[in-house]
*Asks:* 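My questions will all concern the structure given below.
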Amino acid sequence: MASENILVCVAWPYANGDLHVGHVAGAYLPADIFARYHRLKGNRVAMVSGSDAHGTPIVVRAEKEGKTPRQVFEYFHARFLETQKAIGISYDLFTHTDTRNHHQIAQQMFRRLLENNYLFKARQKQLYSETQGKFLPDRLVEGTCPICNYDKARGDQCDNCGNLLDATQLINPRSRIDGSAPVVRESEHYFLNLPALREALLSYLSDKDSYWRNTVLDFSRHYAGAAEPRAFTRDLTWGIPVPLPDAEGKCIYVWYEALLGYLTATVEWAALSGRPEAWQDFWYSKAGDVKIYNFIGKDNILFHTVLWPAVLLGMGRLGEPWDGAAGRAAEAPRFNLPYDVPANQYLNLGGQKFSKSLGVSLDVIDLAAKYGADPVRFYLTSIMPENKDADWSWSDFAQRNNSELLAKWGNLAQRTLSQIWKNFEGRIPAPGELSEADQAILAQSEAAFDDVGDALGAVRLREALGKAMELATATNQYLDREAPWKTIKIDKARAATQLYVAARVIDSLSVLLAPFIPFTCEAVRRQLGYTDPLFGEQTIEVVGDDSDRHSVLRYDDRRAAGAWRPSALQPGQPLGGEPKGLITRIELQEKS
RNA sequence: GGUGACGUAGCUCAGUCGGUAGAGCAGGGGACUCAUAAGCCCUUGGUCACUGGUUCAAGUCCAGUCGUCACCA
């Protein structure tokens, strides 16, 4: 089968607060599972994301803490790198939006959209703070709600009656920064002409019925069909400046340049890999063998299914050369649009939304350190909010870990390998003739590569994990029926065959489960005596020259030897030492 | 307010073209003992949110209600 190019785009975390398990369950983990599967499958994979470094909340936080916006975002960016490494999110590149590369391409985007007439200027009324000498973002204004008279309504929405507001309608508006009263001023902005792209967007959305989630599709179509122009610029200081002489003090609206990060991160990844053109293999459709997947949370759906495709369509004839030197080729390739946007719902904690300010949070690094990355990954996959919101429960976490991950998978490897270790000098025993039962379980393990693979390919991850676990259960059943611990007392050759068969299925399982619980699977692989790893290595590196130095997460796959195919375990292979338990029991005390 | 999705056993979820509900875990019972008191076998749990409609027949289609969530100047 021809190999595919799979671009795994992951939502960009906003760098003004730590990540929590909700983020992991919603976007990063599903993306990682999916990317690992495709790597094992032998496809060309690039998984990219980064920190969203710009925008108002970072400026506000910086002002509050007496820091620069850069200091704030760099602090969280560094923590993002550690967090994602700890939980094993295998980005080919996790960068950020304040790189030279990103700035340059974002300004290119703006120019091309303007040239192609998808941006137009219009005046907009906005609240202006005279004490601060700048326009106030809606959310930084407070006042009395014109609908319900609640006196602490925010500029974008009233928390009391729930209605969306226009900040200029607020009665007695005041700045949330210094309490002063802002005035209404007109400001000129660029707007993205979505109506002009409506037909193209609806056409793009027209063939997604068979595989898009129903939480995504109808919603997107409805919005695309009624799309109005949307502001593309903001009066901001911390962002990417609009590249026009008469646009001082205006930046590209942070959402659009953050979305562009999928493209700019791929460009940066290609450059760092020493093949600067490689990004085109994912973004320009040459042979129809490219698929772009966007892993996001449900709050971001419209941005990825409508606004981002609109930008890509609008840039449309952007040619090959980013420097523009070669001009616009008449037949320049078009950008690939997202093939699938498998948006997840939310993961809550004790029925409440994750919220740092309310103390509703779970630190990912802590969890990984205390319980191991795989138990957390396993549990989060089991409850992954693919169709509806899910809830983190400590008792459920412990139960899943002890009764499923440990009992079925960890124990299966342990019981098999320890018998081999004790009775066959620590080497994979040589099988004799295979019985029907032996052949049946081996056949089941081979079929699992298709079953589990199909579900993974369709981004039905919970289902895929369930199917892989079924094989583990079947193998436990096989062992109980065959009882090699009894056989060995009367027929050692037969016991050798039984344990060889079990070890071989476990070897297959170490691949089938690897996308979900890579750390445990690597450990089993080492115990089976392999010396090369399934996956590559994640590293945090500093890249760029003096004026553009930044830290990134990278993935080096040169040693990766894993392949999505049934085990060909060699008899005689020495085990990698005395088998040890893979999973630790979780005993719950105080937490519920 | 508008749009969309979701609401099935204690928990997490399946239910394809409509034919009176399934799995894993938890709970109960049993035989074994290689294994981290794990594994295996058997088993108890459901007015499928509510109301009305279409139909010989609805968890499954239609309308409405309630609840949850997200998005929308």
Side-chain angles (χ1 to χ4, degrees), chain A residues 26 124-126 138 147 155-157 161-169 191 213-231 296-303 305-307 343-348 351 353 379-393 395-423 460 462-463 465-467 469-470 472-489 495 498-499 502 579-587:
Chain A
Q124 197 182 26
K125 281 184 183 162
Q126 265 184 288
D138 289 350
I147 297 167
D156 51 350
Q157 186 172 24
C161 66
N163 281 297
L164 292 169
L165 305 173
D166 185 322
T168 57
Q169 298 174 327
F191 286 76
R213 292 182 183 170
N214 55 6
T215 48
V216 176
L217 189 56
D218 289 345
F219 191 43
S220 302
R221 278 189 181 146
H222 186 270
Y223 184 76
E228 295 295 321
R230 285 187 60 126
I296 59 169
K298 64 177 167 180
D299 53 331
N300 288 349
I301 290 173
L302 294 178
F303 289 97
T305 58
V306 180
L307 301 181
N344 271 351
Q345 308 295 300
Y346 279 1
L347 176 69
N348 297 317
K353 271 192 259 189
Y379 176 56
L380 291 180
T381 306
S382 306
I383 62 167
M384 196 165 271
E386 290 177 346
N387 298 311
K388 60 183 177 188
D389 288 359
D391 205 51
W392 172 286
S393 143
S395 59
D396 203 22
F397 170 53
Q399 215 162 72
R400 295 265 187 187
N401 180 73
N402 299 346
S403 308
E404 296 185 47
L405 182 58
L406 188 159
K408 292 194 163 163
W409 165 235
N411 183 56
L412 171 62
Q414 175 74 357
R415 69 195 297 209
T416 303
L417 295 180
S418 66
Q419 287 179 80
I420 291 173
W421 180 258
K422 284 181 204 157
N423 298 306
R460 294 194 303 262
R462 266 196 333 237
E463 178 187 327
L465 177 59
K467 285 183 168 174
M469 291 303 288
E470 274 176 28
T473 294
T475 312
N476 275 317
Q477 291 167 332
Y478 167 84
L479 279 177
D480 270 81
R481 279 195 303 270
E482 298 293 320
W485 54 91
K486 283 184 188 162
T487 312
I488 199 154
K489 292 173 186 162
Q498 291 164 338
L499 288 169
K580 291 200 179 94
L582 299 164
I583 318 287
T584 307
R585 281 188 69 81
I586 296 174
E587 304 294 351

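Every chain is numbered from 1, with letters handed out A, B, ... down the list of sequences. Because only heavy atoms are used, hydrogens play no part in the values below, and waters and symmetry mates are left out as well, while side chains stay in.
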*Asks:* Dot-bracket, RNA chain B: Watson-Crick or G-U, under 3.5 angstrom, [ ] crossing, | other strand?
*Replies:* (((((((..((((........)))).((((.........)))).....(((((.......)))))))))))).
*Asks:* Rounded to whole angstrom, note down the C1' distance from B:U3 over to B:A9.
*Replies:* 33 Å
*Asks:* Using a 4.0 Å heavy-atom cut-off, does A:S220 contact any base of the nucleic acid, only the sugar-phosphate backbone, or nothing at all?
*Replies:* nothing
*Asks:* What's the shortest heavy-atom distance between A:A502 and A:L479, and which atoms?
*Replies:* CB-CD2, 3.9 Å
*Asks:* Report yes or no: is there a donor-acceptor pair, N or O only, under 3.5 Å between the side chain of A:N411 and the base of B:G39?
*Replies:* no
*Asks:* Whether A:Q477 contacts B:C41 is assessed here as follows: a side-chain N or O lying under 4.0 Å from the phosphate OP1 or OP2. Is that the case?
*Replies:* yes
*Asks:* Need one value for A:L406: base, sugar-phosphate or nothing, where a base atom within 4.0 Å counts as base even if backbone is also close, heavy atoms only.
*Replies:* base
*Asks:* For nucleotides B:G53 and B:G10, find the distance between their C1' atoms and express it as a whole number of Å.
*Replies:* 34 Å
*Asks:* Tell me whether the rings of A:Y379 and A:W392 are parallel (<30°), tilted (30 to 60°) or perpendicular (>60°).
*Replies:* perpendicular
*Asks:* Going through the checks in order, is the side chain to side chain donor-acceptor pair (under 3.5 Å) test met by A:R481 and A:N476?
*Replies:* CA-CA 9 Å; A:R481 279 195 303 270; A:N476 275 317; over 6 Å; no
*Asks:* Check this for me, if you would: do A:E587 and A:R585 make a salt bridge, where the nitrogen-to-carboxylate-oxygen distance has to be below 4.0 angstrom?
*Replies:* yes
*Asks:* Identify the two heavy atoms, one from A:K408 and one from A:M469, that lie closest to each other, and give their separation to 0.1 Å.
*Replies:* CB-CE, 3.8 Å
*Asks:* Can you tell me how far the CZ atom of A:R415 sits from the OG1 atom of A:T475, to the nearest 0.5 Å?
*Replies:* 10.0 Å
*Asks:* Please work out if A:R230 contacts a base, only the sugar-phosphate, or nothing of the nucleic acid, heavy-atom cut-off 4.0 Å.
*Replies:* sugar-phosphate
*Asks:* To the nearest 0.5 Å, tell me how far A:R460 CZ sits from A:N387 CG.
*Replies:* 10.5 Å
*Asks:* 5'-most contact on RNA chain B: A:R585 or A:D299, nearest heavy atom basis?
*Replies:* A:R585
*Asks:* Using atom P in both nucleotides, what's the gap between B:U16 and B:A21 to the nearest angstrom?
*Replies:* 14 Å
*Asks:* B:G28 and B:G64: how far apart are their P atoms, nearest whole angstrom?
*Replies:* 47 Å
*Asks:* With the sugar-phosphate defined as primed atoms, P, OP1 and OP2, and the base as all remaining atoms, what B/S/- string results for nucleotides 2-15 of chain B, 5' to 3', for protein heavy atoms under 4.0 Å?
*Replies:* -BSSSSS--SSSS-
*Asks:* Can you tell me, in whole Å, how much space there is between the P of B:C42 and that of B:C34?
*Replies:* 23 Å
*Asks:* Please classify the nucleic acid contact of A:L417 as base, sugar-phosphate, or nothing, using heavy-atom distances under 4.0 Å.
*Replies:* nothing
*Asks:* Nearest of B:C34, B:U36, B:G24 to any side-chain atom of A:W485?
*Replies:* B:C34
*Asks:* Go through B:C34, B:C72, B:A26 for me and flag the one nearest to the A:K422 side chain.
*Replies:* B:C34
*Asks:* Taking for each residue the nucleotide of RNA chain B with the nearest heavy atom, is it A:N300 or A:G581 whose nucleotide lies nearer the 5' end?
*Replies:* A:G581
*Asks:* Using modelled atom types and a 3.5 Å cut-off, is there a donor and acceptor pairing between side-chain atoms of A:N348 and backbone atoms of A:D391?
*Replies:* no
*Asks:* When we call it a touch if two heavy atoms are under 4.0 Å apart, what does A:Q419 touch: a base, just sugar-phosphate, or nothing?
*Replies:* base
*Asks:* Measure the spacing between CG of A:L412 and CG of A:L582 and express it to the nearest 0.5 Å.
*Replies:* 10.0 Å
*Asks:* With P as the reference atom in both, quote the distance from B:G59 to B:U54 in angstrom, rounded to an integer.
*Replies:* 16 Å
*Asks:* What nucleotide, of B:C71, B:G39, B:A73, holds the atom closest to the side chain of A:A407?
*Replies:* B:G39
*Asks:* Where do A:E482 and A:T487 land on the side chain to side chain donor-acceptor pair (under 3.5 Å) test, with the steps shown first?
*Replies:* CA-CA 8 Å; A:E482 298 293 320; A:T487 312; 6.0 Å; no
*Asks:* I need the CG-C1' distance between A:N476 and B:U33, as an integer number of Å.
*Replies:* 14 Å
*Asks:* Is it the case that the side chain of A:N401 and the backbone of A:F397 share a donor-acceptor pair, with hydrogens and angles ignored and the cut-off at 3.5 Å?
*Replies:* no
*Asks:* Closer than 4.0 Å, any side-chain N/O of A:T416 to the OP1 or OP2 of B:A35?
*Replies:* no
*Asks:* Roughly how far apart, to the nearest Å, are B:U60 and B:U8 at atom C1'?
*Replies:* 12 Å
*Asks:* Rounding to a whole Å, what distance do you find between A:L405:CG and B:U36:P?
*Replies:* 16 Å
*Asks:* Hey, does A:I301 reach any base, or is it just sugar-phosphate, or nothing, if we go heavy atoms under 4.0 Å?
*Replies:* nothing
*Asks:* Between A:E463 (CD) and B:G24 (C1'), how many Å, whole number?
*Replies:* 14 Å
*Asks:* Considering only B:U36, B:C71, B:C34, which nucleotide approaches the side chain of A:D480 most closely?
*Replies:* B:C34
*Asks:* Distance check: side-chain N/O of A:R415 vs OP1/OP2 of B:A38, anything under 4.0 Å?
*Replies:* no
*Asks:* Have a look at B:G59 and give me syn or anti from its glycosidic angle (syn if within 90° of zero).
*Replies:* anti
*Asks:* On a heavy-atom basis, which atom in A:I301 and which in A:A343 lie closest, and how many Å separate them?
*Replies:* CG1-CB, 3.7 Å
*Asks:* Could you measure between the two P atoms, the one in B:C72 and the one in B:U65, and give it in whole Å?
*Replies:* 25 Å
